[in-house]
Amino acid sequence: MEVDREPRRELLNLVRSLKQRVQMDGELGRSLSYLTRRKINVADRGAAVNPAEAAAPAAETPLSGIVSHLEEVRLDLGDCRRCLLHRTRHRLVFGEGNPKADLVFVGEAPGADEDAQGRPFVGRAGQLLTKIIEAMGLKREEVYICNILKCRPPGNRNPEPDEIASCEPFLIRQLEAIHPRAICALGTFAAHTLLKSEAPISVLRGRFHSYQEIPLMPTYHPAYLLRNSGAKKQVWEDVQMIMKELKK
Ligand code: URA
């Protein structure tokens with residue numbers, strides 16, 4: 001019995017690591033070519049599959065240093081089990097976008113759609129966020145989008161303090177790696193976590209605060225806007241201030 005279970009556990013661990021690698025490479029926009037079948041000639045055994053690739057120096061892009069910094073954060077996060085949310089999540093949602101973004105949006109936590117796809121802000125609130133970004137004259141791929149929590153709280157309940165405490169070091173490192181020119185905190189949890197304030201979002205919004213000397217604008221969460229369309233005017237005022245800041 002024991003003999004049968006060990007290889008099974010090892011296989012499960014291997015599958016888990018492969019899933020994690022594929023997810024991470026996808027998030028970082030790296031090639032997933034290792035998932036495709038390749039024909040290997042007997043003559044190639046022991047040599048690189050594509051000698052031309054092996055001979056060519058790794059392509060250097062101007063982003064490489066920054067991507068590797070973010071990549072390091074993603075690697076350290078791994079298949080995170082630091083809090084209990086790992087038990088109920090389907091996919092960990094690290095964040096996505098331009099690793100060299102001038103503007104980072106920080107939301108609360110993944111919802112059901114994000115949990116299913118492993119990507120931030122892809123549900124109804126996400127579609128509204130995309131519209132806001134486009135109304136700012138930007139493309140979604142130009143900014144970076146992430147959350148305070150990387151895993152979905154069951155039933156979309158509010159994040160617990162211990163969950164925020166486990167996840168926050170990774171958000172801090174993401175923001176350090178990207179070092180944007182402005183941050184937009186979406187909703188109460190993002191504003192409270194980043195600003196260490198407990199003031200209502202209605203009081204915090206409408207003016208810049210400072211996060212590690214980076215201008216931070218708190219505004220209403222897009223999910224709140226879906227229920228309270230009257231607040232769209234204030235969000236538009238807030239994002240216009242961000243646009244002005246980015247033009248400086
Ligand atoms: N709400 C959030 O705060 N984050 C998401 O990624 C989606 C919805």
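Each ligand, and each atom within it, is numbered from 1 in the order the structure gives.
Distances from ligand 1 to the non-hydrogen atoms of Arg119 include no value under 4.0 Å.
With sequence neighbours left out, the ring pair (Phe, Tyr, Trp, His ring centres under 6.0 Å) criterion links Tyr220 to Tyr224.
Heavy-atom minimum distance, Ile145 versus Pro120: O-CG, 3.4 Å. Here the closest heavy-atom approach between residue Leu195 and residue Ser210 is recorded as CD2-O, 4.0 Å. Minimum interatomic distance between Glu108 and His221 (heavy atoms only, all atoms of both residues): N-NE2, 4.2 Å.
Nearest protein heavy-atom neighbour of atom 4 (N) of ligand 1: Asn147 OD1, 2.8 Å.
Atoms of ligand 1 lying under 4.0 Å from at least one heavy atom of His221, given by number and element, are 1 (N), 2 (C), 3 (O). Close approach of ligand 1 to Glu108 (heavy-atom distance below 4.0 Å) involves ligand atoms 2 (C), 3 (O).
Checked against a 3.5 angstrom limit, the closest N/O atoms of Phe121 and ligand 1 fall inside it.
Taking only non-hydrogen atoms, the option from Ala125, Gly107, Ala109, Ala190 nearest to atom 5 (C) of ligand 1 is Ala109.
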Arg157/Glu163 under salt bridge (Lys or Arg N to Asp or Glu O under 4.0 Å): CA gap, chis, key distance, verdict: CA-CA 12 Å; Arg157 64 156 169 75; Glu163 294 160 356; 2.7 Å; yes
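More than 12 heavy atoms of other residues, nucleotides or ligands shown are found within 6.0 angstrom of NE2 on His86.
By the criterion of a heavy-atom distance under 4.0 Å, the side chain of Glu114, and not its backbone, is placed next to ligand 1.
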